[in-house]
Every structure is written in C-alpha cells, then in structure tokens.
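The next block holds one structure in the form of structure tokens; read it before the comments.
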Number of protein chains: 2
Amino acid sequence: MLIGELAVQTGMTKDGIRFYEKVGLLTGRRLPNGYRDFPPEAVPWLHYVRTAQTLGFSLAEIARHGEELRDAPDTAEALSALLAEKIRLIDARMAELAALRADLDARVGTGCPLRAADPVS
Amino acid sequence: MLIGELAVQTGMTKDGIRFYEKVGLLTGRRLPNGYRDFPPEAVPWLHYVRTAQTLGFSLAEIARHGEELRDAPDTAEALSALLAEKIRLIDARMAELAALRADLDARVGTGCPLRAADPVS
DNA sequence: CTAAACAGTGGACTACGCTCCAAGGTCAAG
DNA sequence: CTTGACCTTGGAGCGTAGTCCACTGTTTAG
C-alpha cells in the first residue's frame, strides 16, 4: 500500500505518516523506485496509535512499547506483560479522572469554589 | 503572597507561575514595588489547574473556563453548568479509557495482535 | 553601605507533534 | 513526449507548555 492510500484509510496526512515513520512508529519497506510500501496491518496499527495517543500516551512511549514487543524473546508473554502494564496505567488515569470528577461534583452548589481562586472577581 | 512562596507551596517554578499569569490562568495584582501579590486561594487554584491539566485539559481551556465563570451573570448557576460540562468530558474520557482497556484485555493471550501491525516482525 | 536574597523584564531555547513548502524523481495515459 | 498524479527529500514554521538566562530593581540584615 502506498502512502497516499494509507493516508486515506487512516485519515492521516502523508506528512503525518512520514513523521510517524521517522519517529519509529512505522518501519519502512521501500519499493525499487524508493516509494514506501505499507502492509495492510498498518491501518489498524495507526488506528491503535491514534487511540493510545488521544489517551495521553506519547508517540515515544507507543513506539517504545512496539519495540519492546518486537525484541521480546517470548512474544506472547511480553505482550501480556506490556498490555497488563498499559492497563495499569489506564486504571491509574481513570482513578485520577474519578477523583477530579468527585472533586468537581462536591464543589457543585457549594458557593464559589473555583472563582475564589481567581483574584479578578 | 509573593511569587517565591507560591512556588514553594505549589511545587511550581517561579517562571512557570509567571508563564501561567501570562496566559491568563492567574490575574496579577502588584504591590507598589511591582512585585506580584497572590491571594492564598491561588494555591488550591494552581493545584486544580495542574490536576485538570494532567487529565488532558489544555491551559487555554482551563483559562477559558475560568473566564466564563468570571463573566457569568449568575455565578452559582454558571459554575454548576461548567462543572457539569467538565464532568461530562471526564465521563467521555473515562469511557474511552475503558474501551481501550477492554480492547487490550481482549488482546491479551490472543497471539500477536500489536506486532501483527508492526511490519518489522 | 554593602551584600544577600528576593523580585522584575525580555528574549532565547527546548521538546513534542505535527504541517507546509520547494525542488525534484516516477509512472501511466493520451 | 508531455501532462498529471503520485512519490521522494530536506528544511522551515507553528502551537503548546514551559525552562533558562542575563540584566536590573528592591528589601533586609549586618
């Protein structure tokens, strides 16, 4: 698959895809003419990358996790460990969100909690 | 409260605090000598800002929300609306995280799901 | 009076995650 | 053989969120 089609199928720009390759999120095969050639699996992979990214994982983290997987002696086990680790991170983030939510919930109707901190009032 | 003490009490740098003031997260009173003078409420406010920020809200968003509050005719009502809005956002984020978590969960032990997308293997 | 410990400003610089652009190579159709 | 659509590279530029620095002013203690 050439870069343009991958761009269409993932909703990314070509420049974005090239950037992702540059930072190691995608490894590049080249056709004899120098064009990049992506396997179809690149599509779900990029969707996964976008999802993980919007959830607060940096591209470097995502790339590093990919590499850890690639270099693991026992892939199935390494994969499980990595996913378990990600799940722990997600749980931690969810807990933080729950705490903020509870905090805001508690402030609703209790006067002027945020504004009190804003000296303009 | 002078900037140095606020920095100590919030764990921020003075430069960071000045930056926050510059982008409108903090409004500056000045002493006759030109020094910034912060009310004690700035401490919980900055803690709140940091929390909201780590949860994915941009400084611009946080500042804008603060302004919306300030400009609202009925502060208590506006506050409730704003907090309700934030809570909705948080719920949406939590739902996304839950979805990713379930996705990862489902992948654990099912072969080579991420690696399949990484053409190096 | 001077030195130390604070404060102020402006501007350069960083890292991340892109986006845009110019100049040029490749390929299929007419 | 040219046109157009596609691809390549390198480099500049941008927005966000700061950090760091030099130089200068202010306050306090000895």
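Naming: A, B, ... by sequence-line order, numbering from 1 per chain.
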Does Ala7(B) have any side-chain contact (heavy atoms from CB on, under 4.5 Å) partners at least two apart in sequence or in another chain, and if so, which? Lys14(B), Ile17(B)
Go through DNA chain C in 5' to 3' direction and return only the first and the last nucleotide with some atom under 4.0 Å of chain A's heavy atoms. dG17(C) to dC27(C)
Atom pairs, N/O to N/O, protein against nucleotides 11-18 of chain D, distance under 3.5 Å?
unit_1  : atom_1 : unit_2   : atom_2 : d
dA17(D) : OP1    : Leu59(B) : N      : 3.1
dG18(D) : OP1    : Arg50(B) : NH1    : 3.4
dG18(D) : OP2    : Tyr20(B) : OH     : 2.7
dG18(D) : OP2    : Gln53(B) : NE2    : 2.5

In terms of side-chain geometry, is the basic nitrogen of Glu21(A) or Arg29(A) positioned less than 4.0 Å from the acidic oxygen of its partner? no
For Val8(A), the hydrophobic cluster (side chain heavy atoms closer than 4.5 Å, chained through members) also holds none
Treat primed atoms plus P, OP1 and OP2 as sugar-phosphate and everything else as base, then score nucleotides 1-7 of chain D 5' to 3': B for base contact with protein heavy atoms under 4.0 Å, S for sugar-phosphate contact only, - for none. -----BS
Taking side-chain contact (heavy atoms from CB on, under 4.5 Å) as the definition, give me every residue that meets it alongside Thr13(B), ordered by chain and number, with sequence neighbours left out. Asp15(B)
Rounding to 10°, can you tell me the angle the first-five-pair axis of the helix from dC1(C)-dG30(D) to dG30(C)-dC1(D) makes with its last-five-pair axis? 20°
With sequence neighbours excluded, what pairs up with Gln53(A) under the side-chain contact (heavy atoms from CB on, under 4.5 Å) test? Tyr20(A), Arg50(A), Leu59(A), Ile62(A)
Going by salt bridge (Lys or Arg N to Asp or Glu O under 4.0 Å), name the residues that satisfy it together with Glu61(A), two or more places apart in sequence or in a different chain. none
Between Asn33(B) and dT27(D), is there a side-chain N or O to OP1/OP2 distance below 4.0 Å? yes
Which residues pass the salt bridge (Lys or Arg N to Asp or Glu O under 4.0 Å) test with Asp91(B), sequence neighbours left out? Arg101(A)
State which residues pass salt bridge (Lys or Arg N to Asp or Glu O under 4.0 Å) with Arg64(A); sequence neighbours excluded, sorted by chain then number. Glu68(A)
For Asp37(B), give me all partners under side-chain hydrogen bond (donor to acceptor under 3.5 Å, both in side chains), at least two apart in sequence or on another chain. none
Should Leu25(A) and Leu46(A) count as side-chain neighbours, where that means a heavy-atom distance under 4.5 Å? no
